[in-house]
Each structure stands twice: as structure tokens, then as C-alpha cells.
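Because the structure is predicted, anything quoted here is derived from the model rather than measured.
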Amino acid sequence: MSKKPFSQVKIVGCVMMHNDDAYAKLCLDSLCKYTDELYINLNEASPYIDHLCRNHPKLKKLIITDNPRGWRQGLQREKTIRMLDDIKPDIVLWPDADEVYADNLIEDLKAFWESPYDCLWFNLAYLWNSPDWMRRDGLFKSMHHVRAFKWKPGLTFLPSSGYGAKPNNLGEGQGYLFHASRPIKHYGYMTLEDRLRKYGRDGKTNYDDPKVRARMDKGIILKPVNF
């Protein structure tokens, strides 16, 4: 069966929103360049984000979740994707709430749709101290994640398949990989305040300790954002 033309493809945005107040609107604005439908999981959201999402003109469905037994990423993703069971889109845009797509995403989406691949993978450009600079050493250089994928019935995040944000039954081996031509902009670690909040939320990294911070930031390499 021939694939429908890209001009007829149904694209939806699906995202979990927490407390990234400074970047939530940037994320939603980025999504809305490519879709008229937003599906949002408000997971212990801040008052600002709660108001922003509930009143968004492109909101189609919203659920509210919490974490009574601690943050369980796979379970929250599962609750989020289940909002799409009756929607049956062609492509799902799946960013984190502190991420913004590159300006050429429509070109990548068209090439992705016309390809045989299931997942659109992005290198994460971790913005650092400024929107004009990104960190490119160690973990911040090597991480790639799925931020869009083709929909099919039965997609699931359970059991959790890790941090790559790919439904664990979507594609196998290297056959499902289609790499975006430009990174996605990740704002969540940009300021010191952001990093203190992010690093400390799992209780494992005391980033407000100057010695720990020095170790985490040893040999830091910054490159200009030019895409």
C-alpha cells in the first residue's frame, strides 16, 4: 500500500509539562509551528505552566498526574502516549518541556515520513549560560534521543526502555534510526539555577557543593549555536 503524501500527514504534539517555567512557552511555540493539536500531561506542574497549558488555543486533551511513589519516567510516558489511542496520528512530536526544535524541522519531517524508518533521532544541544552557546564535552556531547516517531497502534513505554524516549516496541536494531540534520535545543541546563534544580532532583548529585560542581564542569567545552 502506498504511503500518503506528506501534505496529508497528521502531526500532533505530545508533551509532559512540569516546572520549567522559563522554557515551557518556547517549547509549545515550537510545537505549534508544525501542528494544530497539543496533548499535554501536567505532571505536578507549576501554577504558571498549569495556566499556560489549560488556556492554550491548540490544546486538544490534558491529563493531570502526580508521583506518589517518586518519579517513574516510563509510567509517566505511558500515561502520556495513551492520550493518542483514539487519535491515530501519523507522526508524533515528543519533545521535553525545555526543548525547542531547529527551524528546519519541516524538511526533516518530510524526509523522515518518506523514509522507511520509525524514529526521528536528535542530538541534544545543551545550551550553556546563554542561548548562543552549547556545551559539547562528555555526556553533553554524546546524547541522542527520539523526539518524533511514526504512530502505530499498541505503542508502549512499559516496561521502561530507558531515557532515549523511544517506545520500546517501535523498531528494532539500526533499522528504525533516522537522524535529524540539526540538533534540538535543550534549555534545561542553561543557567546555574537550572542546573542546581536538575542535578539535585534525584538526590544523587549535590551540585550546590562547589567541589561537586567543579568536578561536573571540569574540562568544559563550549561551542557557538549556529543552526
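Between His186 and Tyr189, the distance separating the two ring centers is shorter than 6.0 angstrom.
Between Lys166 and Asp118 there is no salt bridge, since no side-chain N of the basic residue sits under 4.0 Å from a carboxylate O of the acidic one. The residues Lys25 and Asp29 are annotated as salt-bridged, a charged nitrogen and a carboxylate oxygen being separated by less than 4.0 angstrom. Note on Lys61 versus Glu37: no salt bridge recorded, every NZ/NE/NH1/NH2 to OD/OE distance being 4.0 Å or above. Ion pairing of Lys4 with Asp90 is present here, as a side-chain N (NZ or NE/NH1/NH2) and a carboxylate O approach within less than 4.0 Å. A salt bridge is defined here as a Lys NZ or Arg NE, NH1 or NH2 lying under 4.0 Å from an Asp or Glu carboxylate O, and Asp96 with Arg147 meets this definition.
For Arg182, the side-chain hydrogen bond (donor to acceptor under 3.5 Å, both in side chains) test picks out no residue, with sequence neighbours left out. Residues satisfying the side-chain hydrogen bond (donor to acceptor under 3.5 Å, both in side chains) test with Glu107, not counting sequence neighbours, are none. When the side-chain contact (heavy atoms from CB on, under 4.5 Å) test is applied to Asn67, the partners found at least two apart in sequence or on another chain are Asn43, Glu44, Trp71, Gln76. Applying the side-chain hydrogen bond (donor to acceptor under 3.5 Å, both in side chains) test to Arg82 and every residue at least two apart in sequence or in another chain returns Glu78, Asp85.
At least one side-chain heavy atom of Lys79 sits less than 4.5 Å from a side-chain heavy atom of Leu75.
For CD of Gln8, the number of neighbouring non-hydrogen atoms (other residues, nucleotides, ligands) closer than 6.0 Å is greater than 12. Atom CG of Asn104 sits in a crowded spot, with more than 12 heavy atoms from other residues, nucleotides or ligands closer than 6.0 Å. Heavy atoms of other residues, nucleotides or ligands lying less than 6.0 angstrom from CG of Asp86 number 12 at most.
Using bins of under 30°, 30° to 60° and over 60° for the plane-to-plane angle, the ring pair Trp121/His179 lands in the tilted bin.
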- Task: Show your working on side-chain hydrogen bond (donor to acceptor under 3.5 Å, both in side chains) between Asn19 and Ser46 and close with a plain yes or no.
- Result: CA-CA 5 Å; Asn19 58 358; Ser46 67; over 6 Å; no
- Query: When you look at Cys14 and Thr80, which way does the side chain to side chain contact (heavy atoms under 4.5 Å, CB included) test go after all the steps?
  - Reply: CA-CA 7 Å; Cys14 203; Thr80 305; 3.4 Å; yes
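Here the CG-NZ distance, from Leu127 to Lys185, works out to 7.0 Å after rounding to the nearest 0.5 Å. For the atom pair CE of Met17 and CG of Leu62, the computed distance is 10.5 Å after rounding to the nearest 0.5 Å.
Geometric assessment of Arg136 against the ring of Trp128 yields a negative cation-pi assignment under the 6.0 Å and 45° thresholds. A cation-pi arrangement is present between Lys3 and Trp113 under the rule of less than 6.0 angstrom and at most 45 degrees off the ring axis.
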Contacts under 3.5 angstrom, residues 216-227 side chains, donor-acceptor by atom type, not counting sequence neighbours:
residue	atom	partner	partner atom	Å
Asp217	OD1	Arg135	NH1	3.1
Asp217	OD1	Tyr207	OH	3.3
Asp217	OD2	Tyr207	OH	2.6

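Without hydrogens or angle criteria, Asp50 side chain to Pro47 main chain gives no donor-acceptor distance under 3.5 Å.
Applying the ring-ring contact (aromatic ring centres under 6.0 Å, His included) test to residues at least two apart or on different chains, the pairs with a partner in residues 80-112 are Trp94-Phe149, Trp94-Phe157, Tyr101-Phe122, Phe112-Phe178.
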